[in-house]
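Here the structure is laid out as structure tokens; the discussion comes afterwards.
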Amino acid sequence: MRRASVIDSRISGKLASGAMPITATVVGLVLCVAIFLSVWIASEDSEADQAFRVTVAYQNGVADLMSSIQDAEIGQRGYLLTGDELYLNPYNVAMASLDNIIDKLAEVDSTPVQTSNIAALRSLVAQKKSELQQSVELRRLDEAASIALMRSGQGKILMDGIRAVILQMKEDGVAQLATRLEAVALGKRRMQILLVLFATLAGGLSILVVRATVTRAKAAEKTRDELLGHADRRLMAVMAADLVGYSRMMEIDEADTLNRLKSARHGIDAIIEDYSGVIITTAGDSIVAAFSSALSAIDCAIEIQKHLGIQNIDRSENDQLWFRIGMNVGDVIIDNGDIFGDTVNIAARLESISEPGGICVSRSVRDHVRKHRKLKFEDAGFQRVKNISKPISTFRVYAED
């Protein structure tokens with residue numbers, strides 16, 4: 001293949017040098033048309049990308065709105081049934097966010113169809129807020145009356161109306177995107193026809209250019225296929241660990257910090273190996289390791305924190321060396337010794353919210369290990385992770401004494 005490419009290049013060079021006067025004129029025309037097509041196609045692609053971004057932003061906004069309404073309703077019901085003011089915390093946050101979310105939706109897509117949908121949605125949400133507020137206020141005065149109001153079905157009717165409008169908004173958004181993309185595709189098809197006509201008139205040089213382009217495209221596709229051929233997808237537990245206060249410690253005493261970190265890493269690396277883990281990446285103060293079993297991963301994490309606790313016994317609180325550890329289990333893509341995927345991203349996010357010397361895991365990890373290990377799992381709530389649409393249920397892990 002490489003030899004054939006060299007020969008083709010030499011033949012193309014000879015043809016070009018033998019027809020230089022003619023090709024110079026054709027090249028000028030090709031460049032002019034290429035510039036025009038590049039500008040036009042870039043404009044069309046930009047319009048398509050913008051339409052897609054608008055649709056995605058709109059769908060995300062609609063999802064956020066529905067989530068906030070549900071949070072408000074859950075808080076309201078919890079308060080009505082128990083009288084516990086703590087239920088009003090998520091309720092108040094959700095209620096305060098509803099109007100802002102609707103305003104942002106109106107800004108994202110101001111087409112007549114969606115403007116009409118938003119107007120209907122705004123009215124229903126206002127009624128829903130009024131119903132929620134009325135029941136909460138009534139609970140402070142008359143518990144039985146507030147429960148009766150909740151069971152009257154008024155809230156359900158409003159929620160059904162809101163869901164219907166949101167469903168219509170989603171369908172209209174998808175339909176608008178399809179229309180925009182179809183218009184862009186139609187324009188591209190017309191331009192492709194003009195391009196074919198011009199390519200025919202351009203003659204032999206245009207054929208050579210197309211041939212070279214096709215060859216490069218096939219080479220790129222072959223390279224991609226070869227890379228994908230090395231990839232493997234597996235279910236694994238991923239542990240992400242990071243040293244707490246690394247920058248502060250380095251600023252105070254760089255040499256001592258590096259020596260202590262080296263000593264700690266020596267012990268941690270050995271523990272990971274003992275529990276059949278594989279260190280994937282390290283960046284001085286951080287570690288990402290993978291395990292074939294969630295049980296091995298959680299045992300390893302607990303052993304690491306115990307090991308560090310022993311190392312810190314004779315150190316003052318400000319001088320102690322601790323790692324935060326986050327853990328998740330799920331599908332990962334293994335490629336040339338590295339791992340990729342949402343599972344890795346989530347583990348890193350859980351590490352960032354873990355306490356110094358603590359372990360934070362996803363619900364999937366908890367479900368894998370809680371029946372097999374005597375551990376305490378403290379609910380840490382739902383956490384949002386970049387590029388992950390749904391919040392992640394998280395838990396802090398403590399070894400039982």
Side-chain angles (χ1 to χ4, degrees), residues 39-77 88-137 149-150 152-191 382 384-391:
V39 172
W40 185 87
I41 292 175
S43 175
E44 293 297 301
D45 287 342
S46 177
E47 181 180 339
D49 289 343
Q50 179 61 24
F52 182 77
R53 285 195 294 269
V54 166
T55 301
V56 171
Y58 201 79
Q59 300 285 18
N60 289 340
V62 168
D64 289 342
L65 177 64
M66 195 64 193
S67 177
S68 293
I69 294 174
Q70 290 173 341
D71 288 347
E73 194 170 54
I74 291 171
Q76 172 236 20
R77 291 185 177 181
L88 294 182
N89 292 335
Y91 163 84
N92 291 327
V93 172
M95 291 286 281
S97 68
L98 293 178
D99 290 337
N100 185 46
I101 294 175
I102 295 176
D103 291 339
K104 288 183 178 179
L105 283 174
E107 294 175 1
V108 170
D109 193 341
S110 58
T111 58
V113 172
Q114 295 295 23
T115 299
S116 176
N117 287 333
I118 290 174
L121 182 63
R122 195 185 295 274
S123 175
L124 286 170
V125 170
Q127 294 178 58
K128 181 61 180 177
K129 288 176 63 179
S130 176
E131 181 263 336
L132 292 173
Q133 291 168 344
Q134 181 183 356
S135 63
V136 169
E137 292 300 325
L149 177 61
M150 181 181 69
S152 66
Q154 179 184 356
K156 182 180 182 304
I157 293 172
L158 291 171
M159 281 300 295
D160 289 344
I162 290 172
R163 289 191 181 96
V165 173
I166 286 178
L167 177 61
Q168 186 63 49
M169 291 168 71
K170 289 182 178 180
E171 292 175 351
D172 290 342
V174 172
Q176 289 178 0
L177 176 62
T179 301
R180 290 166 180 164
L181 295 181
E182 178 61 28
V184 172
L186 178 61
K188 286 188 176 182
R189 286 195 293 270
R190 291 173 178 172
M191 189 57 67
F382 285 84
R384 288 197 174 275
V385 180
K386 185 178 181 181
N387 298 325
I388 304 297
S389 59
K390 295 182 178 180

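In this text the structure is predicted, and so the values were computed from the model without any measurement. Hydrogens, waters and symmetry mates play no part in the numbers below; they use all other heavy atoms, side chains included.
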*Check the pair Arg122 / Asp103 against side chain to side chain contact (heavy atoms under 4.5 Å, CB included), numbers first and verdict last.*
CA-CA 9 Å; Arg122 195 185 295 274; Asp103 291 339; 3.0 Å; yes
What is the minimum heavy-atom distance between [X] and [Y], and which atoms define it?
X	Y	answer
Lys129	Met95	O-CE, 3.6 Å
Leu132	Ala72	CD1-CB, 3.9 Å
Arg384	Ser389	NH1-O, 3.6 Å
Pro391	Phe382	CB-CB, 3.8 Å

*For residues Tyr91 and Arg77, determine if any side-chain heavy atom of one lies less than 4.5 Å from a side-chain heavy atom of the other.*
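They are not in contact (no side-chain heavy atoms under 4.5 Å apart), so the answer is no.
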*Considering only heavy atoms from C-beta outward, does the side chain of Gln59 approach that of Val108 to under 4.5 Å?*
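They are not in side-chain contact.
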For the atom pair [atom1] ([X]) and [atom2] ([Y]), what is the distance rounded to the nearest 0.5 Å?
X	Y	atom1	atom2	answer
Ile118	Lys104	CD1	NZ	13.5 Å
Asp99	Leu65	CG	CG	10.0 Å
Ile162	Ile157	CD1	CD1	12.0 Å
Leu121	Gln114	CG	CD	10.5 Å

*Kindly state each residue pair satisfying side chain to side chain donor-acceptor pair (under 3.5 Å) with at least one member in residues 60-71, sequence neighbours excluded.*
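As it turns out, the side chain to side chain donor-acceptor pair (under 3.5 Å) pairs with a partner in residues 60-71, which skip direct neighbours, are Ser68-Ser97.
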*Are any of the side-chain nitrogens in Glu131 or Lys128 under 4.0 Å away from the carboxylate oxygens of its partner?*
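Looking at Glu131 and Lys128, the cut-off is met.
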*Taking 4.0 angstrom as the limit, do Glu182 and Arg189 come out as a salt bridge?*
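Yes, charged N to carboxylate O under 4.0 Å.
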*asked:* Can you tell me which residue among Val113, Val174, Leu105 is in a side-chain contact (heavy atoms from CB on, under 4.5 Å) with Met169?
replied: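 Per the side-chain contact (heavy atoms from CB on, under 4.5 Å) rule, the option paired with Met169 is Leu105, out of Val113, Val174, Leu105.
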_Donor-acceptor contact below 3.5 Å, side chain Ser123 vs main chain Ala120_ =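 No: the side chain of Ser123 does not pair with the backbone of Ala120.
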